[in-house]
Amino acid sequence: SPDMTINFQDDYNHKPVEQQAQTFWQDNKSFKVEVDPTRQKFYCLSMFPYPSGRLHMGHVRNYTIGDVISRFQRMRGKNVLQPMGFDAFGLPAENAALKHKLPPANWTYDNIKYMRMQLQQLGYAYDWDRELATCHPDYYRWEQWFFCRLFEKGLVYKKEAEVNWDPVDQTVLANEQVIDGRGWRSGALVERRKIPQWFIKITAYADELLRDLDKLDGWPERVRVMQQNWIGRSEGLEFSFKVVGSDELLTVYTTRPDTLMGVTYCAVAAQHPLALEAAKSNPALAAFIKKQDNIKLAEAEMATLEKEGMDTGLKAIHPITGEQVPIWTANFVLMSYGSGAVMSVPAHDQRDYEFAKKYGLAIKQVISPDHISKDCNIEKEAFTERGILINSGDYNGLDFDGAFDQLLTFFENNRTGSKQVNFRLRDWGVSRQRYWGAPIPIINCAACGAVPVPDKDLPVILPTDVEIDGATSPIKKMRSFIDCACPQCGGKAERETDTFDTFMESSWYYARFASARYEGGMLNKPEVDYWLDVDQYIGGVEHAILHLLYSRFFHKLMRDLGLVKSDEPFKRLLTQGMVLKDGAKMSKSLGNTVDPEGMIEQYGADTVRLYMMFTSPPDQSLEWSDSGVEGAYRFLRRLWKLIGGFTASNLTVDVASLNDAQKEVRQKTHATIKKVTDDYDRRQVFNTAIAAVMELYNEVGKFTAANNAQDGGQNQAIVQEALEAMVLLLAPIVPHMCHVLWSHLGKQGALIDAGWPSWDEGALVATKVSIAAQVNGKLRSVLELPPDSDKAAIERAAFADETVQKFIAGVAVKKVIVVPGRLINIVVG
RNA sequence: GCCCGGGUGGCGAAACUGGUAGACGCAAGGGACUUAAAAUCCCUCGACCCUAAAGGUCGUACCGGUUCGAUUCCGGUCCCGGGCACCA
């Protein structure tokens, strides 16, 4: 066994250092927290991991960022909650179960055990007493309970919806399991199939989800923009075309009613009732429609398809001109969006344009550019900007708004159309035909229909003693699970065998952490009211839309049930970038992974944490480099040597007595405290915080090389102050070493309880500043001036400068721009 | 295809509000120490031209614009990455 005693004269050995610190934190339950209304709380949460087996570098990065922020806030005196758990339901467990011939539950719990140990090795300041796993009935029972409340409120409903169907394996496939249109195991061409599924009415909250984005000023702008576009609110006109020889109406929605007179055809989805009707007497059309059944469900798949269509033979009657236009079916019209039909204006919509060109359909220009919009060339492409109406009869000369108003009036008067607000957002389908998920708490009764499981019968426990066959979920044929009595009529009934989308579990875990062990309900109000909202949420940018939108939605649902009191769950959001190696995302399939465990063994958790934080800012991608890790390790060794070799004292700095060299070190110390504090707090960039501490290290190194820092005088006091600052400032990132060095610096009490250092504004004043002297915007000289030099003084110094004079000699000075403290630019010519 | 990011030395990056481009680190080269190596310490390090010393020109993906001044703002182009509703 390794020698676990620490000798500060020896080289840095991470093992005893990290063991000593971790033992201290464990023995003192340093990170266990309770409600304390007398203290300001800070809830810092990192997105919990899927227990895939071992931590990967992406996890390490994510959780280190969260830990850095948590420890920083704790040092600032906040009552910091930082919990951890596992998002434990999901598809990979079923795949692993099939491969290893063991139940998903066993695999999952084994992985959790291992990953918990790995997280502990990294020294994260978690309150482990709150750990949860979403696959545990104590957790998902409340999700089932919550779903029943939504059922009562009419916020859930069942409807037929399409899935990817593997006709050979007789199973529903996830998008991920469809490769090039075929099932990943069977290789069979996938089919679309409609099955009844449960939906939650997220569209009922679309307006609020959109509006409240404005409240999220602690979120990255790009995430808010992505969510806004995803929700996709638009205002338009909904109206209907009559169809020749049919009672059916063709209802469409358009955001460009001003182009109505340019309609030259209509397009409907393959599954549109009109297309299906026409196909009955048209085998070629039937074949075309059938072919659309083999397209994977994913939107990207449909959007990149070659645009194809076929004339249905039906004609629509233009509501204004009475003109007849053909109705086509087209593969780019989605049955799931709007009414599954569109009016087509090829002159003013690029997609319609390309389709019209391909199939020889008419193109009629009805908008011409106004003085703001660009030129148009209808021979080459559609003109999609707004402009002035032409070729539009009574509407000629109107602009977009005028045309919208007048056409709306026309349709309203005829009661054939109205203004509509549409959302791109669709209701959330939560049914999965998979095993490893939370059972949907519904009982299907022939007499009573779908009946929620009564609260007293919750949870509906997922049987875990199962065998996975790679196709059907084992509970779908498990009579002991299925057979039950109807809670309403008592008759024979069947339990729902679908499980919830795993996004359900991850949509409220942040709230459960506030009272993770509470058995009296989903959330314990006093605790939740104290800890929520999450002050800082950290996770991958890949979750920018779905997870974060569903969580926001759940929060509002919980609010409306009186469970939480705020409108939004996450005050501040940090989306961290990916970890790359050789320019690509680390992944097993590419074989470019680096196992954190080996790195921790070799260099220690502190080095890995330091490297991850130093290499890039948190929101950018991080390129892995082995020698970069070496560099981080070397810095820690140098730091150990400098501080370990320093003899601590309790001398205090006597500001009035300092010489210039001492003043400069002190200035650097305090400037570093100020900069690093700002980097942690406002900017959340840790690479520059570390760089600043390294600069301070270099400065102290130079100072000690030139002066005796152990002299018992002001040199020693100045260095002691700098070293204390370095240890405190690095503590959130390198907590183990700093914990140990803190006591070596003669400090009483644990570092985690030491306050965050403050800076002395008086110490920040520099003895001189460098002013750039430019001529015509080009740097010609650098002026060393007193820090308080005003414009006139800077100008005098610049014109007195030899090099500057060289460049302004013989030419007229046209203008002089002075930015005090920064630069002077002399414009000549 | 649509939405959102990103592109700066050999490499990771910095420049925070339009104001000295390349802080900090890695790699490389040179030197010190050493019997030697490792470790450590010191020096050099964007490209090109030029010099005895100096100095100069260019340079932040590409093209154009605004400005005394643009990595930063605007318009366009290319490339790379994330998301697209059943991967999590």
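Side chains included, hydrogens not; waters and symmetry mates left out as well; all remaining heavy atoms used. Proteins come first, then strands; the chains are lettered A, B, ... in the order of their sequence lines, and each starts at number 1.
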Evaluate A/F89 against A/Y140 for ring pair (Phe, Tyr, Trp, His ring centres under 6.0 Å), listing each step before the verdict.
CA-CA 10 Å; A/F89 276 135; A/Y140 66 70; 5.6 Å; yes

Closest non-hydrogen atom pair between A/D427 and A/Y157, with its separation
OD2-OH, 2.7 Å

Go through the structure and list residues passing salt bridge (charged side-chain N to carboxylate O under 4.0 Å, His left out) with A/E176, not counting sequence neighbours.
none

Counting any heavy atom closer than 4.0 Å, what does A/R432 reach on the DNA or RNA strands: base, sugar-phosphate only, or nothing?
base

Touch class at under 4.0 angstrom, heavy-atom based, for A/W230 against every strand present
base

A/L764: which residues meet the side chain to side chain contact (heavy atoms under 4.5 Å, CB included) condition with it, sequence neighbours left out?
A/H670, A/A671, A/K674, A/W759, A/E761

Please name the residue in the list A/F635, A/W624, A/Y633 that meets the ring-ring contact (aromatic ring centres under 6.0 Å, His included) test with A/Y611.
A/W624

Just the atom pairs and distances: protein N or O near nucleotides 47-55 of chain B's N or O, under 3.5 Å.
none

Is A/E162 paired with A/K194 through a side-chain N to carboxylate O contact shorter than 4.0 Å?
no

Quick one: list whatever passes salt bridge (charged side-chain N to carboxylate O under 4.0 Å, His left out) with A/R780, sequence neighbours left out.
none

Kindly indicate whether a cation-pi arrangement holds for A/K158 with A/F199, taking the cut-offs as under 6.0 Å to the six-membered ring centre and within 45° of the axis.
no

Only counting residues at least two apart or in another chain, list the ones meeting ring-ring contact (aromatic ring centres under 6.0 Å, His included) with A/F423.
none

Check nucleotides 77-80 of chain B against the protein and report each pair of N or O atoms closer than 3.5 Å, with its distance, or say if there are none.
none

Ranking A/A174 and A/E542 by the position along RNA chain B of their nearest nucleotide, the one closer to 5' is A/E542

Just list the side-chain donor-acceptor pairs under 3.5 Å for residues 683-690 of chain A, sequence neighbours left out, or say none.
from	atom 1	to	atom 2	distance (Å)
A/R683	NH1	A/D679	OD1	3.0
A/Q684	NE2	A/Q536	OE1	2.7
A/T688	OG1	A/D679	OD2	2.9

Does the ring of A/W165 carry A/R192 above it, NZ/CZ under 6.0 angstrom from centre and within 45° of its axis?
no

In 5'-to-3' order, the base (B), backbone-only (S) or no-contact (-) status of each nucleotide in nucleotides 12-31 of chain B, using a 4.0 angstrom heavy-atom cut-off, is BSSSB--BB--BBSSS----

Under 3.5 Å: donor-acceptor pair, side chain of A/T171, backbone of A/A471:
yes

Can you list everything that forms a salt bridge (charged side-chain N to carboxylate O under 4.0 Å, His left out) with A/K358? Sequence neighbours excluded, please.
A/E306

A/D166: partners by salt bridge (charged side-chain N to carboxylate O under 4.0 Å, His left out), with sequence neighbours left out
none

Ordered by number, residues from residues 300-308 of chain A within less than 4.0 Å of RNA chain B (heavy atoms) are A/A300, A/A303, A/T304

Can you list the stems that include RNA chain B, where a stem is three or more consecutive Watson-Crick or G-U pairs with distances under 3.5 Å?
B:1-7 with B:78-84, B:10-12 with B:24-26, B:28-32 with B:40-44, B:46-49 with B:55-58, B:61-65 with B:73-77

